[in-house]
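Step one of this worksheet: look at the structure below.
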Amino acid sequence: MVTPASADPAPLDACYTWGRTLSEGTSGDDVRQLQIRVAGYPGYGGVLALDGQFGPGTKAAVTRFQQAYGLGADGIAGPATYSKIYELQDNDCTPVNFSYDELNNCNSDWSGGNVSAATARANALVSMWKLQAMRHAMGDRPIDVNGGFRSVACNNAVGGAPASRHLYGDAVDLGAGSQGFCALARQARNHGFSEILGPGYVGHDDHVHVAHRSTRFWSAPSCGVSREGVEELPVDR
Ligand SMILES: [Zn+2]
């Protein structure tokens, strides 16, 4: 007779394994780990707070993630949602289609920027999960990454602005790929990038720059992506 004792094994993942179902009202580091994985699903113009508090924004993001992958969309993270995340993440916690290496062609240890190496690397991880969501939304075609993190020395060497988000690790420069610059710039508005610079913005006719910043700054005038009521400072080159 078959014993049912192991009928429902908890899935184990080399990066991170969730030990409980998470729904609105829960909090903790497991919520924060979930928020990082669904950071690309805040809705148009949104940015999901990575605060470890499962509020309405997290519920909406989880729901969008579930919808994107054809799961039951109830905004509650349980086994089916975790299984999909495990499928999407590598052992180093990066999403399967992006890597730390491609987000840093400046140095090997993420040092020398405007934040600690650990923070820069953590910021890059969040950007990768946003890119993974964007990639999936655009038909799972490869996204062409041309670099991300810069130390101060690397930033100076390429003439980057002193406040460039590349110094914080969350900026990523994208090539045209099969999607084209404008499709990338427009799509990025749906995936948690509060900074989007592209064609028509000074220095950005040959790439699309996506990043995080505290207030929204979108400018790719040639693509119909416009500034939205924030100060018009040159942000990045
Ligand atoms: Zn850039």
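As the structure lists them, so they are numbered: ligands from 1, and atoms in each ligand from 1. It should be emphasised that the depicted structure is a prediction, and the values quoted were computed from it without experimental measurement.
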* Please determine if the Zn ion (ligand 1) has an N/O/S atom from His209 lying under 2.8 Å away. => yes
* Steps toward ring-ring contact (aromatic ring centres under 6.0 Å, His included) verdict (Tyr69, His136) -> CA-CA 9 Å; Tyr69 286 100; His136 185 58; 4.0 Å; yes
* **Which residues share a side chain to side chain contact (heavy atoms under 4.5 Å, CB included) with Asp206, sequence neighbours left out** => none
* Structure fact -> Output for pair (Asn114 CG, Ser164 OG), nearest 0.5 Å, gives 8.5 Å
* Is the Zn ion (ligand 1) less than 2.8 Å from at least one N/O/S atom of His166? -> yes
* Asked: Of all N, O or S atoms in Asp173, which has the smallest distance to the Zn ion (ligand 1)?
  -> OD1
* **Check ion pair Arg150-Asp173 (N to O, under 4.0 angstrom)** => yes
